[in-house]
Amino acid sequence: MGSNPERPDGPEVASATPRPLVAFVTDAIAPFNRGGKEERYRQIAPRVAARADVRVYTMRWWESDADEVELDGVLYRAICPYLPLYSGERRSIRQAVGFALSCLRLVRGRVDAIEADHMPYIQLFVLRIVAWIRGVPLIVTWHEAWGRAQWLGYLGPAGAIAWSIERIAMLLPDRIVAASPETGERVRRAVSGRVPVVVAPNGIDAESIRAIAPSPEPVDIVSVGRMLSHKRFDRLIDAVALLVADGHSYRCLIIGDGPERDRLAAQIRELGLESRVELRSDIAEHSEVIARIKAARCFAFPSEREGFGISALEAIACGTPVITTSAPDNLARALVERSRTGTVCEPSTPALAAALDRLLSAPVSPRQPVEEWVREYDWDTTAESVLRALGIAPLTEGPA
C-alpha cells in the first residue's frame with residue numbers, strides 16, 4: 001500500500017497511507033469465556049491495534065442484540081449467534097460447522113490479513129477459500145497439535161477421521177504461528193516444511209502480577225483452569241482425599257468453570273471433602289485470581305493435555321511453587337521444569353498426592369523474586385512476533 005500518485009492536472013494530493021486491517025477469527029473470547037487462547041487474543045488484539053485496524057470476528061457472546069461491541073479499544077463483530085462450544089464433555093460438531101459457515105461473511109468488506117485460531121479446524125477450510133478470493137494471507141495460530149493416538153482416545157474409531165482433518169488443516173495456512181516451542185516442533189514434523197512455522201509463545205504481564213498483593217484468605221493448594229476432563233481436576237481431588245485419609249488437613253481451592261463442574265462437585269460430596277476442597281466459578285477478575293495464587297502454598301496443575309499453560313507460568317511469576325505431571329501431552333511441564341521451585345511428577349493420583357505432601361510438609365520458605373527467565377514470556381514480545389507473521393513491519397524509531 002503506497003501513497004497516492006501525482007495527479008497530471010494539478011498538484012500532488014497528500015494522503016496518509018491507510019493502515020492494514022487485520023481480521024482475527026476465533027469462536028471464543030474473553031471475558032465471556034476463560035481459557036488460554038481467549039487470554040491470548042485479549043492481550044494481543046489491542047497491541048496489534050496500535051499499528052493496524054483490528055476486527056475480531058466471533059460468536060455473539062454479549063447479551064445485547066448489537067452485532068458489534070468494543071472491548072479494550074478493539075471492535076468485536078458477531079458473525080453468528082452464540083452456539084454452545086460443548087455437547088456434553090466434547091466439542092460440539094454443530095457449533096463447529098455453524099461457526100465455519102458463518103466465516104463466509106468475511107468475503108465482504110475490507111480485510112488485508114486473516115489471523116485465525118486453529119480450533120475447531122473446520123472453519124480453516126472456509127477461511128482458506130475466503131483468503132483465496134480476497135487475495136490475502138491466512139495466518140493460523142496453533143495452540144496444541146494432536147496426534148492420531150490422541151484423537152482415537154478422544155473419539156474412538158471416529159478419531160481417525162478427525163486426525164485426517166487436522167493434518168489437512170495444517171496445510172491450509174500461508175503461515176502457522178505456534179503458541180509454544182513444543183507445539184511448534186510438533187507442527188513442523190506434521191507439515192514437513194510445506195508450511196512456514198514460527199513460534200510466538202503465550203505470555204504474561206510480569207510487572208502487573210508483581211504489583212498484586214496476596215489475598216488475605218490463605219490456602220494450601222490452588223488450581224486454576226477450565227473444568228474439562230483433560231485438566232484432571234478429578235485426579236487432584238482424589239489426591240487431596242488420600243492426604244486427608246493420611247491425617248492431613250490441607251485445603252484446596254479450584255478456580256474455574258466448565259462442563260465438568262457438576263461432576264467434580266459430586267465427586268467432592270461423595271468423598272466427604274466439602275470442608276477441604278472448594279470450587280469457585282465466581283472469581284472472574286484476573287487480579288483476584290493472581291491474589292489467590294499468591295496466597296497459596298503451592299499451585300497444582302494436574303492437566304494431562306496442555307498446549308502451553310498460562311496459569312502455570314503465572315503461578316511461577318507469583319513465586320508460588322508449581323506441581324504438574326509428566327503426561328506426554330502436558331507441554332506446561334517444560335515451563336515447570338525450568339522453575340527452581342517446580343515439581344514434575346508421574347501422572348497418577350498417588351504420585352500427585354506424594355508431591356503435594358512433600359512440598360506442604362516442608363518448612364515454609366520466603367517467597368522468592370521473579371525468576372529472570374519468566375520475562376522471556378512477555379505479551380509485547382509475542383505481539384511483535386504476530387505482527388511479523390502478519391507481514392506488518394514492526395514500528396521502529398528512525399530507519400528500519
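A cation-pi arrangement, defined by a distance under 6.0 Å to the six-membered ring centre and an angle within 45 degrees of its axis, is absent between Arg55 and Phe24.
Within the 4.5 Å cutoff, no side-chain heavy atoms of Thr341 are placed close to those of Val322.
Across all non-hydrogen atoms, the minimal contact from Val197 to Gly184 is CG1-O, 4.1 Å. Nearest heavy atom pair, residue Trp62 against residue Ala78, reads CZ2-CB, 3.6 Å. Here the shortest heavy-atom pairing between Phe99 and Met59 reads CD1-CG, 3.9 Å. Closest of all the heavy-atom pairs between Gln150 and Ala145 is OE1-O, 3.9 Å.
At most 12 non-hydrogen atoms from other residues, nucleotides or ligands lie less than 6.0 angstrom from CZ of Arg108. The 12-atom threshold is not exceeded at CD of Glu63, counting heavy atoms of other residues, nucleotides or ligands nearer than 6.0 Å. Other residues, nucleotides and ligands contribute at most 12 non-hydrogen atoms within 6.0 Å of the CD1 atom of Ile93. Other residues, nucleotides and ligands contribute more than 12 heavy atoms inside 6.0 Å of the CZ atom of Arg90. Within a 6.0 Å radius of CD in Glu285, other residues, nucleotides and ligands contribute 12 heavy atoms or fewer. Annotation for Asp65: atom CG does not count as buried by contact number, only 12 or fewer foreign heavy atoms lying within 6.0 Å. Within 6.0 Å of CG in Leu155 there are more than 12 heavy atoms belonging to other residues, nucleotides or ligands. The 12-atom threshold is not exceeded at CZ of Arg167, counting heavy atoms of other residues, nucleotides or ligands nearer than 6.0 Å.
In this structure a side-chain-to-backbone donor-acceptor pair under 3.5 Å is missing from Ser192 to Arg188.
Between Phe233 and Phe301, the distance separating the two ring centers is not shorter than 6.0 angstrom. The aromatic ring centroids of Trp146 and Tyr154 lie less than 6.0 Å from each other.
By the 30° and 60° cut-offs, the orientation of the rings of Trp373 relative to Tyr377 is perpendicular. Note on ring orientation: taking the six-membered ring where Trp is involved, the planes of Tyr121 and His118 are perpendicular (angle over 60°, cut-offs 30° and 60°).
Residue Leu152 is found outside any hydrophobic cluster, as its side-chain heavy atoms come under 4.5 Å of no other Ile, Leu, Val, Met, Phe, Trp or Tyr.
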Please tabulate, for the side chains in residues 213-222, all donor-acceptor contacts under 3.5 angstrom to protein atoms that are two or more places apart in sequence or on a different chain.
from	atom 1	to	atom 2	distance (Å)
Ser215	OG	Glu217	N	3.1
Glu217	OE1	Arg292	NH1	3.4
Asp220	OD2	Arg251	N	2.8

Item to complete: Given salt bridge (charged side-chain N to carboxylate O under 4.0 Å, His left out), test Arg280 with Glu278 step by step and report yes or no.
Response: CA-CA 6 Å; Arg280 292 288 300 273; Glu278 183 180 12; 3.7 Å; yes
Worksheet entry | Check against side chain to side chain donor-acceptor pair (under 3.5 Å), Gln267 and Asp234 | CA-CA 8 Å; Gln267 179 185 1; Asp234 60 328; 5.6 Å; no
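Residue His143 is tested with Asp117, Asn202, Thr183 for a side chain to side chain donor-acceptor pair (under 3.5 Å); the sole match is Asp117.
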